[in-house]
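Here's the structure, in structure tokens; my notes come after.
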Amino acid sequence: MPPREHGRRRARDPSGRDGGGQLPWAVIYYRASDQTVPALEFLDDCPGTIDAQFTAVLDAVAAAPPPRFSGGGKWEAMHGSMGGWYEIRLTGPGREQFRLFCLLENGTSDELARRGLPRPAIAVITSMRKSWRTVFSERDYQRVRELGREHQRNHPRHIAI
């Protein structure tokens with residue numbers, strides 16, 4: 001199977017800014033210490049329409065990041081033990097549920113530079129899928145949080161290129 005085209009973006013003016021003059025946020029993918037990129041591996045295994053929808057949501061959020069982006073039910077702030085996380089929620093064939101788990105990388109210019117980021121970013125950490133009307137366990141969410149902590153410990157961030 002040919003590799004998936006990563007990082008498709010809508011055309012922007014020559015400065016890289018959107019029509020409103022704001023520089024869009026970057027979309028980055030967490031790279032684990034074993035060099036795997038969990039979210040990209042997941043996306044490679046998704047049905048093509050789901051992969052395309054994830055890309056479209058990430059592009060929309062990057063162009064108008066929270067709190068400006070309302071999400072339309074696909075981009076949601078998480079609560080409880082997952083506070084501080086965001087998820088993209090999609091439904092695929094047979095009502096299978098697909099999720100991407102993201103953290104926002106924002107801060108001062110100095111903080112972003114220390115993380116190795118030229119501008120604010122949406123960090124796509126990992127993903128999961130489940131059958132319709134089932135729930136993820138606390139153990140599943142613990143795994144997501146552990147990957148997020150590993151991502152945040154790295155200065156500069158370990159990201160896929």
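Interatomic distance, Leu117 CG to Ile28 CD1, rounded to the nearest 0.5 Å: 5.0 Å. Between Leu43 atom CG and Tyr29 atom OH the span is 6.0 Å, to the nearest 0.5 Å. Separation of atoms CD (Glu87) and NZ (Lys74) is listed at 14.0 Å; rounding is to 0.5 Å. Considering OG of Ser127 and CG of Leu90, their distance stands at 11.5 Å, rounded to 0.5 Å. Expressed to the nearest 0.5 Å, how far CD of Glu76 lies from CD1 of Ile88 amounts to 11.0 Å. Between the CD atom in Glu138 and the OG atom in Ser81 there is a gap of 4.0 Å [rounded to 0.5 Å].
The side-chain heavy atoms of Ile122 and Tyr86, taken from C-beta on, include no pair separated by under 4.5 Å. With a 4.5 Å cut-off on side-chain heavy atoms, Val124 and Leu40 do not count as touching. Considering only heavy atoms from C-beta on, Arg133 stays 4.5 Å or farther from Arg95 through its side chain.
In this view, Asp34 and Thr36 satisfy the side-chain hydrogen bond (donor to acceptor under 3.5 Å, both in side chains) rule, not counting sequence neighbours. Every side-chain contact (heavy atoms from CB on, under 4.5 Å) that Ser131 has, sequence neighbours left out, goes to Thr134. Under the rule for a salt bridge (Lys or Arg N to Asp or Glu O under 4.0 Å), the partners of Glu96 that lie at least two apart in sequence or sit in another chain are Arg129. Looking at residues two or more places apart in sequence or on another chain, you find a side-chain contact (heavy atoms from CB on, under 4.5 Å) between His155 and Arg114, Arg115, Arg157. In this view, Arg143 satisfies the salt bridge (Lys or Arg N to Asp or Glu O under 4.0 Å) rule with no residue, not counting sequence neighbours. Shown here are the ring-ring contact (aromatic ring centres under 6.0 Å, His included) partners of Phe42, two or more places apart in sequence or in another chain: there are none. Taking Gln142 as the reference, Arg145, Glu146 meet the side-chain hydrogen bond (donor to acceptor under 3.5 Å, both in side chains) condition, with sequence neighbours excluded. In this view, Gln97 and Thr91, Arg99 satisfy the side-chain hydrogen bond (donor to acceptor under 3.5 Å, both in side chains) rule, not counting sequence neighbours. The side-chain hydrogen bond (donor to acceptor under 3.5 Å, both in side chains) test applied to Ser137 returns Asp140, not counting sequence neighbours.
Within the hydrophobic cluster formed by Ile, Leu, Val, Met, Phe, Trp and Tyr side chains joined at under 4.5 Å, directly or through other members, Leu147 is accompanied by Tyr30, Met78, Met82, Trp85, Phe101, Leu103, Ile125, Met128, Phe136, Tyr141, Val144. Connectivity analysis of hydrophobic side chains (ILVMFWY, heavy atoms under 4.5 Å, direct or indirect) links Trp132 to nothing; its cluster partners are none.
The main-chain N or O of Thr108 is found under 3.5 Å from a side-chain atom of Glu111 such that the two form a donor-acceptor pair.
The two residues Gly92 and Ile50 have their closest heavy-atom pair at CA-CD1, 3.6 Å.
Within 6.0 Å of the CZ atom in Arg149, the count of heavy atoms belonging to other residues, nucleotides or ligands exceeds 12.
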